[in-house]
Amino acid sequence: MNKKLPTVYAGVDVAKVTLQLHFQGRQHCLENTPKGCAKLLRLVQASGQVQLVCEATGGYEKDLLTACHAAGQAVSRLNPAQVRHFARAQGQRAKNDPLDAAVLTAYGTALQPEPTLPTDAALKYLRDLVQWRDYLLEQLTRACQTIEHSVPAFIAKKQKQLVAHLNQQLLAVTKELAAALKRTPSLQAQVQALIQLDGVSTLTAINVLSRMPELGTLDRQAAAALAGLAPWVRQSGPWEGQRHIGGGRPLVRRSLYMSAVVLSRMKQTDLGKFYDRLRAAGKPAKVALTAVMRKLLLQMNRVLKELTIPKTTQQTA
C-alpha cells in the first residue's frame, strides 16, 4: 500500500521585483516575473508534495498564484497581519525578505492553511470593474469639491472638463458591467436573485458578490465573520466590555451600509421594522444599522444557497 507523503510547506515572500523562496532550509531569490515563477515551480515540484505559502501584497502575488493554479501547484495566500502576529508569538521581531520567507514556512508547517482556490475569471473581471468604478467615483468627488471652492477660471474650466470625462467613464464602466453579466448567465442569475431583496440594488449585488464570492456556501456565523459583521466578545472574569465589529472585508461592509440606510427609512419592510425596534429599545443608530447590515448579508447568503440547491433536492427535503 502506498503511503501518502506528508505535505512540505515552502514560504515565499513576495515583493514588487523579487520572490524570496524558503524551501527545505535553503533560500532562493528569484525574479517576480513569469520566468521567475516558472523557475520557482520547477524548484518545488521536483520534491514531492509541496504547498507554497505567501502573503497578500496588494496584487504583487497575483502572477505567482496564477502560475501555481495553472500548474496545479497548491498555494495559500495569507493575511499579512496573521503572519506578523505568528512571528511575534515566536519572538521574531526582525524583518527582511529571507526572515519573512522562513516565517511563512513555519506558519504553514504549524497551522497547515487551506490552499487558496483559483478565482473564477468572470467574477474576477466583475471585481476589477467594480474597483475601477470606485476609483472613478473617488476622483469625481474630488474634482467636484475643487469646483465648489474659489479657484482661478483656468482651473475651474479644466476641472469641469475633468468632471465631464469622469462621468463618461462612469457611464462606460456601468455599461460594461451590464454586458459582463449578460456574458455570464450564472452570475446574472445570482444578481437577479439578490436584487429581489429589499434595499439591494444591482450595483450592491455586484459589489457584494464580486468581493465575497464565498457567499452562498457559508453558514450564518462564517458569513458574518468573513464580512466583519460579527461582534467580538470582550470578557475576562466578571468584567465584560462592549462588543465591536472589525476585521473581515471592509469593502463588503461599505456596500451594505448604504442599503442599510435605505432600509432604515423603508418602514414597511421587515428590516425597516427591525431597525425601528432596535432604536425603540435604546440602541444607537450605528449599532442598529450594523445589525441591519448583518441581517441583510445573511439574507443574501441564504438566497444564494437556495439558488445552488437543485430543485429535486428541494422537493425531497
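Atoms considered below: every heavy atom in the structure, side chains included; atoms not considered: hydrogens, waters and symmetry mates.
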Open item on the list: Under a 3.5 Å cutoff, is there a donor and acceptor pairing between the side chains of Gln112 and Thr7?
Closed with: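 Checked: Gln112/Thr7 side chains show no N/O donor-acceptor pair below 3.5 Å.
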
- [ ] Consider only side-chain N and O atoms of Gln90 and Tyr107, and report whether a donor and an acceptor are under 3.5 Å apart.
- [x] no

Answer yes or no: is there a donor N or O on one side and an acceptor on the other, between the side chain of [X] and the main chain of [Y], under 3.5 Å?
X: Ser236; Y: Trp239; value: no
X: Asn167; Y: Val163; value: yes
X: Arg211; Y: Arg249; value: no
X: Thr105; Y: His22; value: yes
X: Gln92; Y: Asp100; value: no

Is there side-chain contact between [X] and [Y], with at least one heavy-atom pair below 4.5 Å?
X: Ser76; Y: Tyr9; result: no
X: Leu297; Y: Leu256; result: yes
X: Leu177; Y: Thr202; result: no
X: Arg133; Y: Val130; result: no
X: Leu126; Y: Leu181; result: yes
X: Val208; Y: Leu215; result: yes

Task: Straight-line distance of Thr290 OG1 to Tyr257 OH, nearest 0.5 Å - done: 8.5 Å

Please check if the number of heavy atoms outside [X] that lie under 6.0 Å from its [atom1] is greater than 12.
X: Phe86; atom1: CZ; answer: yes
X: Asp270; atom1: CG; answer: no
X: Gln161; atom1: CD; answer: yes
X: Lys267; atom1: NZ; answer: yes
X: Phe274; atom1: CZ; answer: yes
X: Glu114; atom1: CD; answer: no
X: Arg183; atom1: CZ; answer: yes

Membership question, hydrophobic clusters at under 4.5 Å side-chain separation (ILVMFWY): are [Y] and [X] in the same one?
X: Leu19; Y: Leu99; result: no
X: Val53; Y: Leu30; result: no
X: Tyr275; Y: Val287; result: no
X: Leu111; Y: Val12; result: no
X: Leu21; Y: Leu104; result: no

TODO: Go through the steps to decide whether Gln169 and Tyr135 satisfy the test side-chain hydrogen bond (donor to acceptor under 3.5 Å, both in side chains), and finish with yes or no.
DONE: CA-CA 11 Å; Gln169 293 291 312; Tyr135 170 78; over 6 Å; no

Open item on the list: My understanding is that only one of Asn32, Val14, Thr66 makes a side chain to side chain contact (heavy atoms under 4.5 Å, CB included) with Glu61; could you say which?
Closed with: Val14

